[in-house]
Enquirer: 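Sending over a structure as structure tokens; questions will come in a sec.
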Amino acid sequence: MWFCLVSPPQCVLSSIHLAPISSLSHGRRRSAASLRICATADEAPQEEVQTEESPSSSSPSALGKDLKKVVNKTAATFAPRASTASKNPALPGTTLYKVFEVQGYASMLAGGVLSFNLLFPSTQPDLWRLMGMWSIWMFTIPSLRARDCPPKEKEALNYLFLLIPLLNVAIPFFCKSFPLVWSADTLAFFAMYAWKLGWLERTE
């Protein structure tokens, strides 16, 4: 509204002076609204970044689960299995369970003797030393898997069933030594057991 106090010219002047005040008020409102819009626009991407980063934190665990499924499926397909579909008779505490366990570790020891050329010694690579090098994969792991062992031990044996052939094929490219291959297999065997069964974990 326009208010005239003295004369029409002053009325015109007053109208001229009042116009900027209203424009300033509208400008302040617009600036405040624009600031609010900018603030909300700046906060929105942060929420998107947080939501995008959350799946990456669970990726290692998902990768471990996928690897575990692949290893168990592969070992169950190619590793020796029971000849019958009935329940495994080699239960803990039974004689058959102990026979498989002794057979597994005895074959590991015999493989070391053959690999180090202590039994049936020869100056050339022969079948006995080759059998000693592969003894853990051919005899130890199948004997231990034939028992009704705990799930963690079965998982360790599944990993070893796939890992040891890779070691036995890769090591001769760098060093052609039967004792070295057998030693690497033995080290991998106990390292896998220590990892899966938690031998190195501290118990309170």
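Keep in mind the model is a prediction, meaning the values are calculated, not measured. The basis for the numbers below is simple: all heavy atoms, side chains too, and nothing from hydrogens, waters or symmetry mates. Residue numbers count from 1 along this sequence.
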Enquirer: Go through it in stages, so that I can follow the logic: the residues are Leu167 and Val181, the test is side chain to side chain contact (heavy atoms under 4.5 Å, CB included), and I'd like the CA-CA distance, side-chain angles, deciding distance and then a yes or no.
Expert: CA-CA 7 Å; Leu167 294 176; Val181 174; over 6 Å; no
Enquirer: Has Thr140 got a side-chain atom pairing as donor or acceptor with Gly104's backbone, closer than 3.5 angstrom?
Expert: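 Indeed, once roles are kept as given, a pair shorter than 3.5 Å links the two residues.
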Enquirer: For the residue pair Leu162 and Leu166, establish whether any side-chain heavy-atom pair is separated by less than 4.5 Å.
Expert: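 Contact flag for Leu162/Leu166 side chains = no.
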Enquirer: Flag the pair Ile164 / Ile136 as yes when at least one side-chain heavy-atom distance between them is below 4.5 Å, and no otherwise.
Expert: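 With C-beta onward as the side chain, the pair touches.
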Enquirer: State whether Phe178 and Arg129 meet the cation-pi test: NZ (Lys) or CZ (Arg) under 6.0 Å from the six-membered ring centroid, and within 45° of the perpendicular axis.
Expert: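 Because its charged atom misses either the 6.0 Å distance or the 45° angle limit, Arg129 does not stack over Phe178.
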Enquirer: Mind checking whether Phe190 and Val102 sit in one hydrophobic cluster, side chains of I, L, V, M, F, W, Y counted as touching below 4.5 Å?
Expert: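 As far as the 4.5 Å side-chain criterion goes, Val102 and Phe190 are not connected within one cluster.
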Enquirer: Determine whether Phe100 and Leu96 make a side-chain contact, defined as any pair of heavy atoms from C-beta on separated by less than 4.5 Å.
Expert: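 In contact.
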Enquirer: Atom CD of Glu155 and atom CE of Met192: how far apart are they, to the nearest 0.5 Å?
Expert: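 These two atoms lie 9.0 Å from each other.
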Enquirer: Can you find a heavy atom in the side chain of Asn158 that is under 4.5 Å from one in the side chain of Lys154?
Expert: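 In contact.
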Enquirer: Under 3.5 Å, is there a donor-acceptor pair between the side chain of Asn88 and the main chain of Ala146?
Expert: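 Pair found, side chain donor or acceptor close to backbone of Ala146.
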Enquirer: Measure the shortest side-chain to side-chain distance between Asn168 and Trp134 over non-hydrogen atoms and say whether it is less than 4.5 angstrom.
Expert: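 When only atoms from C-beta onward are counted, Trp134 and Asn168 do touch, with a gap below 4.5 Å.
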Enquirer: With no hydrogens and no angle check, is any side-chain donor or acceptor of Ser143 less than 3.5 Å from a backbone partner on Phe139?
Expert: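 Pair found, side chain donor or acceptor close to backbone of Phe139.
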Enquirer: For Ala188 and Leu160, which heavy atoms make the closest approach, and how far apart are they?
Expert: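 Looks like O-CD2, 3.5 Å.
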Enquirer: Is there a path from Leu91 to Val99 through hydrophobic residues (I, L, V, M, F, W, Y) whose side chains come within less than 4.5 Å of each other?
Expert: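 Different hydrophobic clusters.
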Enquirer: Would you mind reporting whether Leu157 and Lys196 have side-chain heavy atoms less than 4.5 Å apart?
Expert: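 In short, these two side chains do not touch, never coming nearer than 4.5 Å.
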Enquirer: Looking at every heavy atom in both Ile171 and Ala184, which two are closest together, and how far apart are they?
Expert: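 Heavy atoms only, the tightest pair is CD1-CB, 3.5 Å.
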Enquirer: For the backbone of Gly112 and the side chain of Ser115, can you confirm whether one donor and one acceptor N or O come within less than 3.5 Å of each other?
Expert: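 Looks like no, no N/O pair under 3.5 Å.
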Enquirer: About how many Å separate CG of Leu130 and OG of Ser135, when rounded to the nearest 0.5 Å?
Expert: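 Between Ser135 OG and Leu130 CG, I get 10.5 Å after rounding to 0.5 Å.
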Enquirer: CD of Glu153 to CZ of Arg147: how many Å apart, nearest 0.5 Å?
Expert: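 If I round to the nearest 0.5 Å, the distance is 4.0 Å.
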Enquirer: Starting at CE of Met133, measure out to OG of Ser183 and round the result to the nearest 0.5 Å.
Expert: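 So the gap between those two atoms works out to 12.0 Å.
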Enquirer: Do the side chains of Asn117 and Ser122 get nearer than 4.5 Å, heavy atoms only?
Expert: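 Yes, at least one pair of side-chain atoms sits under 4.5 Å.
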Enquirer: Are Leu144 and Tyr193 packed together at the side-chain level, in the sense that at least one heavy-atom pair is separated by less than 4.5 angstrom?
Expert: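 Leu144 vs Tyr193: side chains touch.
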Enquirer: In terms of hydrophobic clustering (I, L, V, M, F, W, Y; side-chain heavy atoms under 4.5 Å; direct or indirect links), are Phe189 and Leu187 co-clustered?
Expert: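 As far as the 4.5 Å side-chain criterion goes, Leu187 and Phe189 are not connected within one cluster.
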Enquirer: Apply side chain to side chain contact (heavy atoms under 4.5 Å, CB included) to Leu114 and Phe120, showing your working.
Expert: CA-CA 7 Å; Leu114 292 173; Phe120 307 117; 4.0 Å; yes
Enquirer: For Met108, is there any backbone N or O sitting under 3.5 Å from a side-chain donor or acceptor partner on Trp182?
Expert: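 Yes; judged by distance alone, with no hydrogens or angles, the pair exists.
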Enquirer: Leu109, Tyr105: one ILVMFWY side-chain cluster at the under-4.5 Å cut-off?
Expert: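 Cluster IDs for Leu109 and Tyr105 differ.
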Enquirer: Does Leu118 belong to the same Ile/Leu/Val/Met/Phe/Trp/Tyr cluster as Leu180, with side-chain heavy atoms less than 4.5 Å apart forming each link?
Expert: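 Yes, Leu118 and Leu180 fall within the same hydrophobic cluster.
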Enquirer: First locate atom OG of Ser107, then atom CD of Gln103, and finally report the distance between them rounded to the nearest 0.5 Å.
Expert: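 Here the rounded value is 6.5 Å.
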